[in-house]
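Questions regarding the structure given below will be posed in turn.
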Number of protein chains: 2
Amino acid sequence: MATTTARDADLAGALVQTMHVLQDLYAETSRPLGLTPQQAHLLCVLLGGPLGMTELSRILSIERSSLTSMVDRLERRDLVSRIPNPTDRRACQIELTKSGLALAHDAHKGFTERIDAMTTGLTAADRRTLAATLQKIVAEA
Amino acid sequence: MATTTARDADLAGALVQTMHVLQDLYAETSRPLGLTPQQAHLLCVLLGGPLGMTELSRILSIERSSLTSMVDRLERRDLVSRIPNPTDRRACQIELTKSGLALAHDAHKGFTERIDAMTTGLTAADRRTLAATLQKIVAEA
DNA sequence: TATTGTTATACTCTATAACTATA
DNA sequence: TATAGTTATAGAGTATAACAATA
């Protein structure tokens with residue numbers, strides 16, 4: 001029992017450390033693109049297609065009012081645009097502009113390349129196992 | 001070759017998603033304790049013992065000037081204190097106060113318990129493998 | 001001269017509460 | 001009434017540049 005607890009503690013610690021390493025990598029990748037990590041996240045989420053404010057705030061785990069100001073800043077820089085929702089005049093859809101799409105692709109590519117570089121020390125089998133295990137965790141969360 | 005690329009992309013995506021899940025969990029655990037995620041991180045780092053401003057800023061990956069204001073706020077709440085460094089009068093050591101230590105323990109316990117709950121669906125063998133793989137990644141980063 | 005830490009400043013992120021317009 | 005989104009406000013996180021004190 002004590003052994004199990006110790007093992008679990010190691011896993012939790014390893015996950016937290018990994019999170020911080022990835023946060024740093026995310027920040028370092030975003031910055032040279034002129035983006036904060038939060039802005040990069042938002043743009044990458046929109047790679048999946050336009051979203052309403054409420055849905056986007058849910059995905060990003062922030063309040064709608066916080067999102068309003070983020071979208072304001074990105075819209076001023078012509079990276080996203082608010083397009084009216086034809087079926088609900090209260091709502092709008094947030095959409096990547098042409099330059100926003102290009103930047104989102106750059107960010108996504110940057111993250112992927114850096115993370116791949118970070119996992120070079122693993123075998124192909126280890127990478128497959130890791131991806132499968134993490135996907136299971138994310139799916140349950 | 002195309003297959004390898006696809007597998008790597010899956011791994012990077014799984015790692016990024018896991019990071020966001022953990023960030024949310026970290027924020028949700030910190031908030032009821034009256035802490036921001038950054039403050040919780042700082043307090044937990046200090047569980048390892050007092051640190052100087054430069055060293056602490058390096059560990060947290062923030063500028064020293066950013067750390068100054070964070071420490072100011074935590075010191076006002078009596079969670080940390082600046083103690084003089086006897087061998088270098090320019091420097092100080094940041095130390096947990098009694099209440100800061102208690103709060104850091106609460107935060108650490110909260111993270112660990114929630115993460116353990118998140119990995120309940122895995123077998124003990126999967127958890128061991130995952131911890132070992134993540135530790136390898138962190139060690140190389 | 002180099003390093004430790006702070007100050008001044010500006011911007012971004014975030015939440016809460018109150019609000020408008022539409023459903 | 002309920003929902004979509006905004007505004008107003010306040011506090012926290014962050015970086016850059018310039019600075020004081022000490023090494």
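Letters A, B, ... are given to chains in the order of the sequence lines, protein chains preceding strands, and every chain is numbered from 1.
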> Which is it for B/Asp24 and A/Ser61 under the side chain to side chain donor-acceptor pair (under 3.5 Å) test, yes or no, and what are the steps along the way?
Replying inline: CA-CA 7 Å; B/Asp24 289 353; A/Ser61 302; 2.9 Å; yes
> In residues 86-93 of chain B, which ones come under 4.0 Å of DNA chain C, going by heavy atoms?
Replying inline: B/Arg90, B/Ala91, B/Cys92
> Once you round to the nearest 0.5 Å, how far does CD of A/Gln17 lie from CG of B/Leu134?
Replying inline: 9.5 Å
>> I need the CG-P distance between A/Leu35 and D/dT14, as an integer number of Å.
In response: 17 Å
>> With heavy-atom distances below 4.5 Å as the criterion, would you say the side chains of A/Ile94 and A/Leu74 are in contact?
In response: no
>> If I take atom CD in residue B/Gln39 and atom C1' in nucleotide C/dC13, what distance separates them, rounded to the nearest angstrom?
In response: 14 Å
> Rounded to the nearest Å, what distance is computed from the CZ atom of residue A/Arg31 to the P atom of nucleotide C/dC11?
Replying inline: 16 Å
>> Taking B/Asp116 first and then B/Arg127, would you say they form a salt bridge - that is, a charged N and a carboxylate O separated by under 4.0 Å?
In response: no
> Whole Å only: how far is the CD1 atom of A/Ile94 from the C1' atom of D/dA4?
Replying inline: 11 Å
> Roughly, in whole Å, what's the span from CG in A/Asn85 to P in D/dT3?
Replying inline: 17 Å
>> Below 4.0 angstrom, which residues in residues 60-83 of chain A have at least one non-hydrogen atom near DNA chain C?
In response: A/Ile62, A/Glu63, A/Ser65, A/Ser66, A/Ser69, A/Met70, A/Arg73
>> Checking side chain to side chain contact (heavy atoms under 4.5 Å, CB included) between A/Val16 and each of B/Leu22, B/Ile115, B/Thr112, which is the one that passes?
In response: B/Ile115
> To the nearest 0.5 Å, what is the distance between CZ (A/Arg76) and CG (A/Asp78)?
Replying inline: 13.0 Å
> side-chain hydrogen bond (donor to acceptor under 3.5 Å, both in side chains) with B/Thr29: which of B/Arg114, B/Lys109, B/His108, B/Glu113?
Replying inline: B/Arg114
> What is the distance from CD of B/Gln23 to C1' of C/dT14, rounded to the nearest Å?
Replying inline: 14 Å
> Over how many whole Å does the gap from A/Leu33 atom CG to C/dT12 atom C1' extend?
Replying inline: 17 Å
> To the nearest angstrom, how far is B/Leu56 atom CG from D/dT14 atom C1'?
Replying inline: 15 Å
> Do A/Tyr26 and A/His20 have ring centroids that are under 6.0 Å from one another?
Replying inline: no
> With a 4.0 Å cut-off, would you call B/Arg82 and B/Asp72 a salt bridge?
Replying inline: yes
